[in-house]
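Letters A, B, ... are given to chains in the order of the sequence lines, protein chains preceding strands, and every chain is numbered from 1. Quantities reported herein were computed from a predicted structural model and do not represent experimental measurements.
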Amino acid sequence: MTLYDALVGPFAEFAFMRRALVGALALSLGAAPIGVFLMLRRMSLTGDAMAHAILPGAAVGFLVAGLSLPAMTLGGLVAGVSVALLTGLVARTTVLKEDAALASFYLLSLALGVTLVSLKGSNVDLLHVLFGSVLALDDQAMLLLAGVASVTLVALALIYRPLVLECVDPGFLRSVSRAGGPVHFIFLGLVVLNLVAGFQALGTLLAVGVMMLPAAAARFWSNALTPMFAVAILVASLASVAGLLVSYHFDLPTGPAIILSAGVLYLVSVAVGWSGGVLWRLAPPRHHRAA
Amino acid sequence: MSALRLEDVTLGYDRHPAVHHLDGAVAPGALLAVVGPNGAGKSTLLKGLVGAIEPLGGRIDRGALGPRDIAYLPQAAELDRSFPIDVFDLVATGLWRRAGLFGGVGRADRARVAEAIAGVGLTGFERRAIGTLSGGQLQRALFARLLLQDASVILLDEPFAAIDAKTVEDLLALVARWHSERRTVIAVLHDIDMVRRAFPETLLLARRAVAWGPTTEALKPERLLEARAMTEAFDDAAPFCSANAA
């Protein structure tokens, strides 16, 4: 097998591989920066909880309208945004902290979803929702992925200042602007949006992987914010390409293959990343003559 | 310039007053120290003044002062030092008043940021991540941000806690400069000697105003004893304040 056959052939030959590639790259572009912010705000598990929260919404949409993208997207959005809003409301007005509030509401959402599905008495195959179908992206799904990536990048650019400031110095932000609260909700909305888009390609649970693994990997390559976004997007894109190729050549499920690729890149980063990688800690300590 | 006027102000959390029934005014250009035991409501008072929390009762009259005329330095603990941001960008957030959410930061602004950084003796540290700074250096950077905010009222919450003597001296000189520029400075402090030395006015706080006036009057030994006798614990069985019912 030539290098061409291994790396380019599958995409040149099959339209579904090209579509999968474009879809996965679009997802990488939007989800990876979101993941960086989640990580820096110590909300890395929020993505996972949110994914659980939108799952029932998507499932209900599936039950009502069958394998219809608009219905499942809408269902997921409604469930995700409701959980985000209720969480924010409880966290900001009561003694409960955000993590506890989120845990409560996503569990409620999940239980409600499972109940609704079982009431319907249907044993429909929800594996599509759980594990996605990146090799079967239709035009609608492609447009959704591209649209969400565009909205995410534009929205992040607009709320960048207050979002960063709310992470570093929330007390100061409160003293100069009232934007902190709304910005936090917009950010959670973007998290939901990317997860909803992601479950088309990778499935609800694996969509979190494309969000968080590249972000965590990026932390090991830079101490500054802008390069961190670039590295995260790069890692997510590399993982998308690698995952698609591995899944094509070895006949493996695509979603998990992409996430496993991201996982390999993450482990490599933990080991040799020049900003805090394990390898550099093992090296004999040396220091400059002066500060 | 307007005074900050407090009319029967009560501030607190969950119906428990951290500080209650404050009456008084801070004149423009005042240099006021806020002193008191732990839990006396000092930080809460600053949060109320800057508008970060709403009073449970009473009124804070800021006159013509808008939120952007009041600069606020929170306690150091509220800052996430592990966040990947460098000194220049942190100081530049002081431009918020001018640049806001979307405004551009041009060459003139960059020059002002550099000038503020130089003003606190941190030149050369512009591209250092804040996580690599010492406590004193970080506090210098935050003072540079205050310089940039160019506000007529400056609120400092324990600005000198756990800071080396040289830095304290330099930053106190900045406070004195603000005072000479007729800015209002209100600082929460623990070092009574420093207050006696550098702050003409003092508010001695212990859930309520024990004394408020010229520092020599406010910090008399019997006043300090009175403030120290304040109980720190929340008393859930405490009757509701009678002044509320009236």
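- Proximity to chain A (any heavy atom under 4.5 Å) is restricted, for B/Q149, to the side chain, taken from C-beta onward.
- Summarising the local packing, CG of A/L45 is surrounded by 12 or fewer heavy atoms from other residues, nucleotides or ligands at distances under 6.0 Å.
- The parts of A/L40 that come within reach of chain B are both its backbone and its side chain, each placing non-hydrogen atoms under 4.5 angstrom from that chain.
- Of the two parts of B/R145, only the side chain, counted from C-beta on, holds a non-hydrogen atom closer than 4.5 Å to a non-hydrogen atom of chain A.
- Using a 4.5 Å cut-off between non-hydrogen atoms, no part of residues 88-108 of chain A approaches chain B.
- With a threshold of 4.5 angstrom between heavy atoms, A/A179 approaches chain B through side-chain atoms but not through N, CA, C or O.
- Neither the backbone nor the side chain of B/T132 comes within contact range of chain A; no heavy atoms are under 4.5 Å apart.
- With chain B as the partner, the residue from A/A157, A/S175, A/P170, A/S222 showing the most heavy-atom pairs under 4.5 Å is A/S175.
- A/L173 touches chain B through its side chain: at least one heavy atom from C-beta onward sits under 4.5 Å away, while N, CA, C and O do not.
- Residue-environment remark: CZ (B/R81) exceeds the threshold of 12 foreign heavy atoms within 6.0 Å.
- Contact of B/P84 with chain A is made through backbone and side chain together, with heavy-atom distances under 4.5 Å.
- Atoms CG and CG, from A/L225 and B/D86 in turn, are 10.0 Å apart once rounded to the nearest 0.5 Å.
- Residue A/R281 qualifies as open at atom CZ: its count of foreign heavy atoms under 6.0 Å is 12 or below.
- Each of A/V164, A/D169, A/L165 was compared with B/T93 under the side-chain contact (heavy atoms from CB on, under 4.5 Å) criterion, and only A/L165 meets it.
- Heavy atoms of B/L73 lying under 4.5 Å from chain A are absent altogether.
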Walk me through it: do B/Y72 and A/R174 pass the test side chain to side chain contact (heavy atoms under 4.5 Å, CB included)? CA-CA 10 Å; B/Y72 168 56; A/R174 271 199 301 279; over 6 Å; no

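- Residue pairs meeting the salt bridge (Lys or Arg N to Asp or Glu O under 4.0 Å) criterion with at least one member in residues 29-41 of chain A, sequence neighbours excluded, are A/R41-A/E166.
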